[in-house]
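See structure below.
Every chain is numbered from 1, with letters handed out A, B, ... down the list of sequences. Keep in mind that the numbers below use all heavy atoms, side chains included, and drop hydrogens, waters and symmetry copies. Predicted model only: the values in this text are computed from it and were never measured.
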Amino acid sequence: MAKVQNIKGMRDHLPPAMMLRQYITRTITQVCERYGFEPLQTPVVEYAEALEGKLGDDESLIYRFEDHGGRRLALRYDQTVPLARVVAQYAGQITLPWRRYALGPSYRGERPARGRYREFYQADADIVGSSSPLADAEIVAMLSETLAALGFPDFVTLLNHRQIIGGIARVSGLDEVAAGSVYRAIDKFDKIGADGVREELLRSGVNAEAAEHILALVQIEGSSAEILAELEARLDHDARATAAIANLRAIIHGLEQMGVPASRYKIAPRLARGLSYYTGMVFEAITPHWPEGSLLGGGRYDELVGQFAGRSLPTVGLAFGIDRLHDVMEELNLGPRPTSTAVAYVTCFSPELAAESLALAAELRAAGVNTLINLDGGGLGKQFKEADRKGVRYALVIGPDEVTRGEVVVKDLRDGTQRTVERNGVAAQLS
RNA sequence: GUGCCUGUAGCUCAAUGGUUAGAGCGCCUGACUGUGGAUCAGGAGGCUGUGGGUUCGAAACCCAUCAGGCACCCCA
């Protein structure tokens, strides 16, 4: 017999977990569609060459294989490259700007850890073909609304811009190559502190003076407007950084006009994010109750999507990590915890009355009530027990007395109360 | 991919290298012939993750492997 075991880093999602996961994906889907995003689904398998060369240096985490025809294939590691492929392939059928969301699994051969798996589900939402700061703002507004709808009590979206980080590096006298290690170092600020970052900067060849300059810039505190003003003053020789600051101001203006509370976002000069393809705004949503990492992240990447199409397609988007959201919500005890998909359990009094039970169940289902029926007989006690174990709220009894009177006994298994109701009005009683 | 820690019943965990590996919870049956949870009585459930090795003797020690956790790396 084959091993009764999961592949490392790949999980089964049993019903209790799945019900919460579905709540999460339903909520995300609802908010996406409220903003007019359209659904897209693509295969998990792509040509390997389509996925290669987009992830930066470390591509060993891509799952690759050959099919029976000798084609070099790979499992997608996110939904962004498939998006780029689709935009190029169906150019004539897509009206830009295109808002699309995509929900499904992706694969990375990384070392698994809590909140991080080799098979993971993401809900991606992107706006393709607009460079307007309103597009950036819309993504942030949507993410805010989604996290609020999921029940996160306090979360903040940290906002930064690639060209502010670039400007910090340039003003400190570093070239683009050295800038990479600067990104990585300052991204760790909240984890390793100012001293840790300084150490890391020095180790990667940044001189002491530049390191201090970087640390000072990165530690600017205050309101979003104050931070931007301060950055502008200190980076004013750098044209790209100045443009980036103007861009963030426009995005924030958009957020205000869209009604996003100011407490939901914050300029964070320390935020870097590793993915090399970001070109503009970058962001991460965090909550103080989960200090281990971000709930989600995203940003603007104006060059990636156009690579397949051979033209520039400015795009801004984000990825909700379903597995991470699920782990955090579980940890923080957020969201509803349904114990069953059914709300009613119709007992079977006796083989002679099975027809009555089945008819009652059919009536309930026709009325839209999720209903479970007893299959294997047994005493009422056993059946009540099964209903209780399954987490169903109402157990219904239709025995000889009820049949003759046209009634049904409804017992609420939560509090043990029970009442007799007219059979044709039962469905309305079960809410 | 590197380093460290862990793996015993469905779950949480016991068991100085020494009889037949235990407990709590859960599960099944019954006390209860039209009613779940409580109580009581009984029952099932294990190749101690897997494969080797050391030993008179291994759940324990060693090696490998698989899986999980933590840190690094990276990220969702």
Side-chain angles (χ1 to χ4, degrees), chain A residues 1 3-11 14 24 28 55-62 76-80 103-125 143 180-181 183-185 187-188 191-192 196 200 272-278 282-286 290 292-299 317-328 345 347-350 353 374 378-403 408-420:
Chain A
M1 200 170 110
K3 283 192 208 176
V4 183
Q5 194 176 58
N6 299 51
I7 303 297
K8 185 190 189 88
M10 311 213 180
R11 305 183 300 164
L14 266 32
I24 294 169
I28 293 172
L55 204 58
D57 12 302
D58 194 10
E59 296 208 323
S60 59
L61 48 73
I62 299 178
R76 67 175 180 217
Y77 52 78
D78 67 17
Q79 307 251 34
T80 307
L103 184 57
S106 297
Y107 300 83
R108 291 183 196 177
E110 288 180 295
R111 192 76 167 260
R114 184 162 180 69
R116 182 184 203 186
Y117 307 94
R118 288 186 170 178
E119 178 183 70
F120 57 99
Y121 279 71
Q122 283 188 163
D124 268 46
L143 130 219
S181 52
Y183 295 166
R184 279 191 291 278
D187 197 38
K188 287 189 232 166
K191 200 186 281 185
I192 63 179
E200 191 133 331
R273 292 188 61 74
L275 253 51
S276 49
Y277 55 65
Y278 290 118
V282 292
F283 60 87
E284 258 178 31
I286 58 165
W290 182 264
E292 287 90 343
S294 60
L295 296 174
L296 56 86
L318 83 160
F320 293 94
I322 307 301
D323 303 272
R324 182 164 296 182
L325 285 172
H326 177 264
D327 286 353
V328 178
Y345 181 104
T347 59
C348 179
F349 189 83
S350 65
L353 290 177
N374 168 266
L380 282 182
K382 193 179 169 186
Q383 297 186 44
F384 271 61
K385 193 166 188 166
E386 183 191 338
D388 184 46
R389 292 269 160 70
K390 291 290 181 195
V392 180
R393 178 156 182 196
Y394 298 104
L396 310 198
V397 179
I398 181 157
D401 299 346
E402 287 76 21
V403 170
V408 173
V409 169
V410 176
K411 178 159 181 168
D412 186 335
L413 294 174
R414 238 187 251 177
D415 56 20
T417 60
Q418 147 175 340
R419 62 217 149 103
T420 305

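A:Phe320 comes within 4.0 angstrom of nothing in the nucleic acid, heavy atoms only. Within the 4.0 angstrom heavy-atom criterion, only backbone atoms of the sugar-phosphate kind lie near A:Lys8; the bases stay farther away. Heavy atoms of A:Asp401 sit under 4.0 angstrom from at least one base atom. When heavy atoms are screened at a 4.0 angstrom cut-off, A:Arg118 is found touching no nucleic acid atom at all. Across all strands, A:Gly109 comes closer than 4.0 Å to no nucleic acid atom at all (heavy-atom distances). A:Tyr121 comes within 4.0 angstrom of nothing in the nucleic acid, heavy atoms only. Residue A:Glu402 is classed as a base contact, given a heavy-atom separation below 4.0 Å to a base. Residue-level contact check: A:Leu296 touches the backbone only, with heavy atoms under 4.0 Å from sugar-phosphate atoms and none from bases. Using a 4.0 Å heavy-atom distance criterion, A:Ala113 is classed as a sugar-phosphate-only contact. Residue-level contact check: A:Gly298 touches neither bases nor backbone, having no heavy atom under 4.0 Å from any strand.
Spacing of P atoms, B:U50 relative to B:G3, comes out at 25 Å, to the nearest Å. Separation of the C1' atoms belonging to B:G46 and B:C11 is 15 Å when rounded to the nearest angstrom. B:G34 and B:A23: their C1' atoms are spaced 38 Å apart (whole Å). B:G69 sits 16 Å from B:G49 when the C1' atoms are compared, rounded to a whole Å. On the C1' atoms, B:G30 is 14 Å away from B:A44, given to the nearest whole Å. B:A67 sits 15 Å from B:G51 when the C1' atoms are compared, rounded to a whole Å. Between the P atoms of B:U19 and B:C25, the separation comes to 27 Å (whole Å). When the P atom is compared between B:A9 and B:A41, the two are found 26 Å apart, to the nearest whole Å.
RNA chain B is contacted by A:Gly381, A:Lys382, A:Phe384, A:Lys385, A:Asp388, A:Arg389 of residues 381-390 of chain A, taking any non-hydrogen atom closer than 4.0 Å.
With sequence neighbours excluded, the residues forming a side-chain contact (heavy atoms from CB on, under 4.5 Å) with A:Tyr117 are A:Arg11, A:Asp323, A:Asp327, listed by chain and number. Taking the side-chain contact (heavy atoms from CB on, under 4.5 Å) definition, one finds that A:Arg389 meets it with A:Lys385, sequence neighbours left out.
Closest approach of A:Ala272 and A:Val282 over heavy atoms only: O-CG2, 4.1 Å. The two atoms that bring A:Thr347 and A:Val397 nearest to each other are OG1-CA, 3.4 Å, heavy atoms only. When all heavy atoms are compared, the tightest approach of A:Gly299 to A:Phe283 is N-CE2, 3.3 Å. Looking at every heavy atom in both residues, A:Gly416 comes nearest to A:Lys411 through O-CE, 3.7 Å. Minimum heavy-atom separation, A:Gly399 to A:Leu353: C-CD1, 3.6 Å.
Summarising the geometry, atom CZ belonging to A:Arg108 is positioned 13.0 Å from atom CZ belonging to A:Arg118; distances are rounded to the nearest 0.5 Å. Here CZ of A:Phe384 is found 11.0 Å from CG of A:Asn374. Values are rounded to the nearest 0.5 Å. Expressed to the nearest 0.5 Å, how far CZ of A:Arg419 lies from CG of A:Asp412 amounts to 7.5 Å. Distance check: A:Ile398 CD1 to A:Phe349 CZ gives 11.0 Å after rounding to the nearest 0.5 Å. Expressed to the nearest 0.5 Å, how far CD of A:Gln122 lies from OG1 of A:Thr80 amounts to 7.0 Å. Expressed to the nearest 0.5 Å, how far CG of A:Leu318 lies from CG of A:Asp124 amounts to 7.0 Å.
With hydrogens and angles ignored, the 3.5 Å screen pairs a side-chain donor or acceptor of A:Arg76 with a backbone N or O of A:Pro105. A distance-only check finds no donor-acceptor pair linking the side chain of A:Thr420 to the backbone of A:Val409 [under 3.5 Å]. A donor-acceptor contact shorter than 3.5 Å links the side chain of A:Gln383 to the backbone of A:Gly378.
In this structure, the CG atom of A:Asp187 is 8 Å from the P atom of B:C75, given to the nearest Å. Spacing between atom CZ of A:Arg393 and atom P of B:G37 amounts to 19 Å, rounded to whole angstrom units. The interatomic distance linking A:Arg11 (CZ) with B:G69 (P) rounds to 9 Å, in whole Å. Per the geometry, CG belonging to A:Asp415 stands 16 Å off P belonging to B:G37, to the nearest Å. Rounded to whole angstrom, the span from the CD1 atom of A:Ile192 across to the C1' atom of B:C73 amounts to 13 Å. Spacing between atom CG of A:Leu380 and atom C1' of B:G37 amounts to 16 Å, rounded to whole angstrom units. Rounded to a whole Å, the CG atom of A:Asn374 is 16 Å from the P atom of B:G34. A:Glu200 places its CD atom 11 Å from the C1' atom of B:C73, with the value rounded to the nearest Å.
Comparing A:Glu110 and A:Asn6, the nucleotide of RNA chain B nearest to each residue sits closer to the 5' end for A:Asn6.
The aromatic ring of A:Phe120 is stacked on the base of B:A76, with the two ring centres less than 5.5 Å apart and the planes inclined by under 30°.
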Nucleotide N/O to protein N/O under 3.5 Å, stretch nucleotides 41-43 of chain B:
none

Tabulated below should be each protein N or O lying under 3.5 Å from an N or O of nucleotides 47-49 of chain B; please produce it.
none

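Side-chain contact between A:Tyr121 and A:Leu103 is absent, with no heavy-atom pair separated by less than 4.5 Å.
Nearest nucleotide to the A:Pro112 side chain, out of B:G36, B:A76, B:G68: B:G68. When each of B:G34, B:U35, B:C75 is scored by its nearest atom to the side-chain atoms of A:Phe349, the top-ranked nucleotide is B:G34. Checking B:G69, B:U35, B:A76 against every side-chain atom of A:Val409, the shortest atom distance belongs to B:U35.
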Which dot-bracket notation, 5' to 3', represents the base pairing of RNA chain B when pairs are defined as Watson-Crick or G-U with both distances under 3.5 Å, crossing pairs as [ ], and inter-strand pairs as |?
(((((((..((((....[...)))).(((((.......))))).....(((((..]....))))))))))))....
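For A:Arg111 against B:G3, a side-chain N or O and a base N or O form a donor-acceptor pair under 3.5 Å.
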